[in-house]
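Here the structure is laid out as structure tokens; the discussion comes afterwards.
In this text, all values refer to a predicted model and were calculated from it rather than measured experimentally. Side chains are part of it too, since the values below use all heavy atoms of this structure and drop only hydrogens, waters and symmetry mates. Position 1 is the first residue of the sequence; numbering continues from there.
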Amino acid sequence: MTSNNIHAEEIYIGKNTIIEPSVKIRGINGKAKKIIIGDNCYIGENVQIICDDFSLGDYSKIQHNTNIHGYLPCHIGHNAWIGQFSIIDSIGGTTIGNNCGIGAHSQLWSHIKYGDTLEGCRFLTQKPLIVGNDVWFVGHCIVSPIIVEDKSMAMVGSVVTKDMKFNEIYAGSPAKSLSDKIGFQFNEVSIQDKLAKMNLYLKEWDSNSKSIKIVTDNSEIDFGSEDITYFNVSDRTYSKRGSSDEISFMKFLLPARGKFIPIT
């Protein structure tokens, strides 16, 4: 896999990660400098990643025929879902947080470049595209190099040219916030309600499990334990052990029951 698929000076591929044989990962001009792909990821058929510095967090999926490219680093967090035939451009640099969904056929851009500036074309720029946590581009979205705040959402077919604000929902071309009419992507949920729901999920997954515990504070975690994985509903983190039960429960939770990232 490494010799045929991935050409980089520094390569890290996590445990249980599947990279299809037709995937191509390399740098702009030959070998990439650094490629880091987390545990339990999937990269589908005909995906191309052409970037000198690329990272992808745990439990992330890049579906078939997606293209990721650019001169500057492209870093994508844990639990990402990137739909088929999407484009992520990192010419101006791209950072995508944890728990983000990018629906099929979407395009995320960090530059504008084509017109002849000698002839007077006014449009030539590149700047970072910064996407926060829990952001959802539902599908067929086109996104300019903007700042996308946590929990914001763009509906199908949105053309997003301006920054997206915290937890607001956008639609249209150009996209505008509809949250004053339809509400927000996320409602407030109490810690106790989260605890109760997670315990129901745990019971549904395995009512006799002794290897998973749900807590509300890190003070309840035995960090020396090698037999138990703790899930903290307050900050959505877990004490990553890599056990088979932990992986099974994480896959049961994803994509829509709950998203957790490792305690750092």
Side-chain angles (χ1 to χ4, degrees), residues 1-84 86-102 106 108-110 128-135 137 145 148 150 229 235-243 246-247 250-251 253-255 259-264:
M1 179 181 68
T2 299
S3 60
N4 295 329
N5 294 60
I6 305 175
H7 303 274
E9 295 172 8
E10 180 182 345
I11 302 170
Y12 174 83
I13 308 297
K15 297 177 181 178
N16 307 312
T17 284
I18 297 172
I19 300 175
E20 297 290 357
S22 56
V23 171
K24 298 296 183 185
I25 303 176
R26 61 174 176 85
I28 296 295
N29 296 302
K31 285 187 175 182
K33 293 180 180 178
K34 181 167 61 176
I35 301 294
I36 298 174
I37 299 172
D39 297 340
N40 302 292
C41 293
Y42 174 75
I43 302 181
E45 294 284 356
N46 301 314
V47 169
Q48 290 192 74
I49 300 172
I50 304 172
C51 190
D52 288 329
D53 182 347
F54 175 81
S55 64
L56 182 70
D58 296 347
Y59 293 96
S60 293
K61 296 181 184 297
I62 303 176
Q63 304 295 345
H64 60 269
N65 294 95
T66 288
N67 182 289
I68 299 172
H69 65 271
Y71 311 133
L72 296 182
C74 179
H75 295 159
I76 301 172
H78 301 292
N79 306 320
W81 196 96
I82 301 169
Q84 59 265 34
S86 290
I87 297 172
I88 299 176
D89 161 72
S90 193
I91 286 177
T94 295
T95 302
I96 298 173
N98 299 310
N99 312 320
C100 291
I102 300 170
S106 292
L108 277 61
W109 295 96
S110 62
L129 170 62
I130 301 173
V131 179
N133 300 317
D134 297 290
V135 171
F137 300 108
V148 184
D150 293 354
T229 299
D235 62 4
R236 300 164 72 200
T237 61
Y238 71 105
S239 59
K240 182 177 176 180
R241 303 283 187 263
S243 68
E246 173 189 299
I247 294 168
M250 282 287 289
K251 289 182 176 181
L253 292 174
L254 292 168
K259 296 181 176 73
F260 290 79
I261 63 173
I263 295 172
T264 55

Query - Qualifying salt bridge (charged side-chain N to carboxylate O under 4.0 Å, His left out) pairs, either residue in residues 90-102, two or more places apart - result: none
Requested in this report: Would you indicate whether the side-chain heavy atoms of Asn98 and Arg236 approach each other to under 4.5 Å?
Outcome: no
Query raised in the report: Would you say the side-chain atoms of Ser60 pair up with the backbone N or O of Gly77, donor to acceptor, closer than 3.5 Å?
Result: yes
**Report entry** By side-chain hydrogen bond (donor to acceptor under 3.5 Å, both in side chains) - contacts of Glu9 (at least two apart)
**Finding:** none
Requested in this report: Decide yes or no for Asn79 and Ile261: does some side-chain heavy atom of the first lie under 4.5 Å from some side-chain heavy atom of the second?
Outcome: yes
Query raised in the report: Is the backbone N or O of Thr229 less than 3.5 Å from a side-chain atom of Glu246, with the two atoms forming a donor-acceptor pair by type?
Result: no
**Report entry** Steps toward side chain to side chain contact (heavy atoms under 4.5 Å, CB included) verdict (Thr94, Leu129)
**Finding:** CA-CA 5 Å; Thr94 295; Leu129 170 62; 4.0 Å; yes
Query raised in the report: Under 3.5 Å, is there a donor-acceptor pair between the Asp58 and Asn40 side chains?
Result: no
Query raised in the report: Which residues pass the side-chain hydrogen bond (donor to acceptor under 3.5 Å, both in side chains) test with Asp39, sequence neighbours left out?
Result: Lys240
Report task. With rounding to the nearest 0.5 Å, note down the distance linking NE2 in His78 to CG in Leu254. Result -> 12.0 Å
Query raised in the report: Asn133 side chain to Gly97 main-chain N or O, any donor-acceptor pair under 3.5 Å?
Result: no
Query raised in the report: Is there a donor-acceptor contact under 3.5 Å from the side chain of Lys259 to the main chain of Pro255?
Result: yes
**Report entry** Nearest heavy atoms of Ser110 and Gly92, plus distance in Å
**Finding:** OG-N, 2.8 Å
Query - Which atom of Arg26 lies closest to which atom of Ala32, heavy atoms considered - result: C-CB, 3.8 Å
Query - Considering all heavy atoms, the nearest Ser90-Pro73 contact - result: OG-O, 2.7 Å
**Report entry** pair Trp81-Gln63: side-chain heavy atoms closer than 4.5 Å
**Finding:** yes
Query raised in the report: Any side-chain heavy atom of Tyr59 sitting closer than 4.5 Å to one from Lys251?
Result: yes
Query raised in the report: Do Ile87 and Trp109 come close enough that some side-chain heavy atom pair is under 4.5 Å?
Result: yes
Query - Validation row: Ile96, Ile88 side chains within 4.5 angstrom (heavy atoms) - result: yes
Requested in this report: Could you pull out the closest heavy-atom pair between Met250 and Phe260, with the gap in Å?
Outcome: CE-O, 3.7 Å
Return a table of donor-acceptor pairs under 3.5 angstrom between the side chains of residues 41-56 and protein atoms on other chains or two or more places apart.
{"residue": "Tyr42", "atom": "OH", "partner": "Glu20", "partner atom": "OE2", "Å": "2.9"}
{"residue": "Glu45", "atom": "OE1", "partner": "Ser22", "partner atom": "OG", "Å": "2.3"}
{"residue": "Asp52", "atom": "OD1", "partner": "Ile28", "partner atom": "N", "Å": "3.1"}
{"residue": "Asp53", "atom": "OD1", "partner": "His75", "partner atom": "NE2", "Å": "3.0"}

Query - Verdict with supporting geometry, Val131 and Ile102, side chain to side chain contact (heavy atoms under 4.5 Å, CB included) - result: CA-CA 11 Å; Val131 179; Ile102 300 170; over 6 Å; no
Query - By side-chain hydrogen bond (donor to acceptor under 3.5 Å, both in side chains) - contacts of His69 (at least two apart) - result: Asn67, Asp89
Query - Qualifying residue, where the test is side chain to side chain contact (heavy atoms under 4.5 Å, CB included) with Asn5 and the options are Val23, Ile25, Ile13 - result: Val23
Query raised in the report: Around Tyr71, counting heavy atoms of other residues, nucleotides and ligands shown, do more than 12 lie under 6.0 Å from its OH?
Result: no
Report task. Only counting residues at least two apart or in another chain, list the ones meeting side-chain hydrogen bond (donor to acceptor under 3.5 Å, both in side chains) with Thr66. Result -> none
